[in-house]
Protein chains: 2
Amino acid sequence: MDMLTLLRQRGHRITRPRLAVLQALAEGPAHISAAEVLSEGRRTHPGLSKASVYRTLQLLETLGALRGIPSPEGRSFVRVAPGHHHLLCQGCGEVRDFSGCGLCDSWREVADEERFFVAGHLLEVFGLCSGCRSKREGETS
Amino acid sequence: MDMLTLLRQRGHRITRPRLAVLQALAEGPAHISAAEVLSEGRRTHPGLSKASVYRTLQLLETLGALRGIPSPEGRSFVRVAPGHHHLLCQGCGEVRDFSGCGLCDSWREVADEERFFVAGHLLEVFGLCSGCRSKREGETS
DNA sequence: TCGCTTGTTGATACTCGGTCTCAATAATAT
DNA sequence: ATATTATTGAGACCGAGTATCAACAAGCGA
Ligand SMILES: [Zn+2]
Ligand SMILES: [Zn+2]
Ligand SMILES: [Zn+2]
Ligand SMILES: [Zn+2]
């Protein structure tokens, strides 16, 4: 669902800072940090404050529209899409879509076997894309 | 391999602070934070410094003996065991061993399909254990 | 359209996990 | 035992994220 509509439906006010954050999320990269949202959001609302960015991101996360992914380089946010993960290249930073992780298909089995109610899972795959891989073949590691 | 042996084999010195960290890791919980390692390690080496704890944890991570898992509650460290993940209960904090994630078995397939060299993957499953699940059945959420 | 109500904002102080610096220390090799 | 140098500990420092609070403005009803 549209984040804007989601906010409205849940009774949250549509404000200039929130619109700036939404636009930054819409136009920014798939993985975006709070700092990037701030600087990007200031292009459409120069007075945008750090606090508002964090508050809005947190709100969107509790509404289920966004998910914060903790990573070695700091937290980044991605639009939530169940069964949708990412391949993160450690060489060039490319983010490639990736779906069909085995766990997505076997949630119920895992839940039953372990008597565990699975609310969700966080999966990030690290490695090297083909380009970066070939670049490193000549290196003396 | 034994962490102590690993350190020695790679030419790192065996020092009192490092032994304190190793012991804290051995005796502490499966998921342990840097702060916990510090306070626990000070039981065997009172003068243990914050910096040494972080340095040692970082060293062990680069040696592949340890893995830092970023989580909403801050980073925690676990002993590395390939194909070994955890079910994290959001109710009571219980950590249950979990193995056989579909991805572990299909690394090569994914790598080939996507022409992506997979160096590793981060998987954390969140939910509720059976105890916490039944506790919440009577709640008016 | 015009005020009210109150959710929201922005500036700033603050917290705290983690890193940096550097002189002092101690683990290893000879 | 001595020299070499990796490592340490104390504290300054950094930066992401949070708490505070008076000022503001989105929405709503008159
Ligand atoms: Zn790449
Ligand atoms: Zn999945
Ligand atoms: Zn539980
Ligand atoms: Zn796995």
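Chain naming here is simple, since letters A, B, ... match the order of the sequence lines and numbering starts at 1 in each.
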Table please: side-chain donor-acceptor pairs of residues 34-42 of chain B below 3.5 Å, with sequence neighbours left out.
from, atom 1, to, atom 2, distance (Å)
B:Glu36, OE1, B:Ser33, N, 2.8
B:Glu36, OE1, B:Ser33, OG, 3.3
B:Ser39, OG, B:Ala35, O, 3.4
B:Ser39, OG, B:Glu36, O, 3.2
B:Glu40, OE2, B:Arg43, NH1, 2.5
B:Arg42, NE, B:Leu48, O, 2.7
B:Arg42, NH2, B:Leu48, O, 2.9

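Between B:His45 and D:dT8, a side-chain N or O to OP1/OP2 separation shorter than 4.0 Å is absent. OP1 and OP2 of C:dG7 both lie 4.0 Å or more from every side-chain N or O belonging to A:His12. An OP1 or OP2 oxygen of D:dG9 is reached within less than 4.0 angstrom by a side-chain nitrogen or oxygen of B:Ser52.
Contacts with DNA chain C (heavy atom under 4.0 Å) in residues 18-25 of chain A: A:Arg18, listed by number.
Between the P atom of D:dA6 and the CZ atom of B:Arg10 lies a distance of 17 Å, rounded to the nearest Å. Between the CG atom of A:Leu59 and the C1' atom of C:dG7 there is a distance of 12 Å, rounded to whole Å.
The rotation axes computed at either terminus of the helix from C:dT1-D:dA30 to C:dT30-D:dA1 lie 40° apart, taking five pairs at each end and rounding to 10 degrees.
With sequence neighbours left out, the side chain to side chain donor-acceptor pair (under 3.5 Å) criterion links B:Glu27 to B:Gln23. Residues meeting the side chain to side chain donor-acceptor pair (under 3.5 Å) test with B:Gln9, sequence neighbours left out: none.
Under a 3.5 Å cut-off, the side chain of B:Arg18 and the backbone N or O of B:Arg13 do form a donor-acceptor pair.
For A:Lys50 and C:dG10, a side-chain-to-base donor-acceptor distance below 3.5 Å is absent, hydrogens and geometry of angles not being considered.
Of the listed nucleotides (C:dT19, D:dG9, D:dG17), D:dG17 has the atom at the smallest distance from the side chain of A:Arg75.
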Heavy-atom protein contacts under 4.0 Å, nucleotides 21-27 of chain C, coded B base, S sugar-phosphate only, - none: B----BB
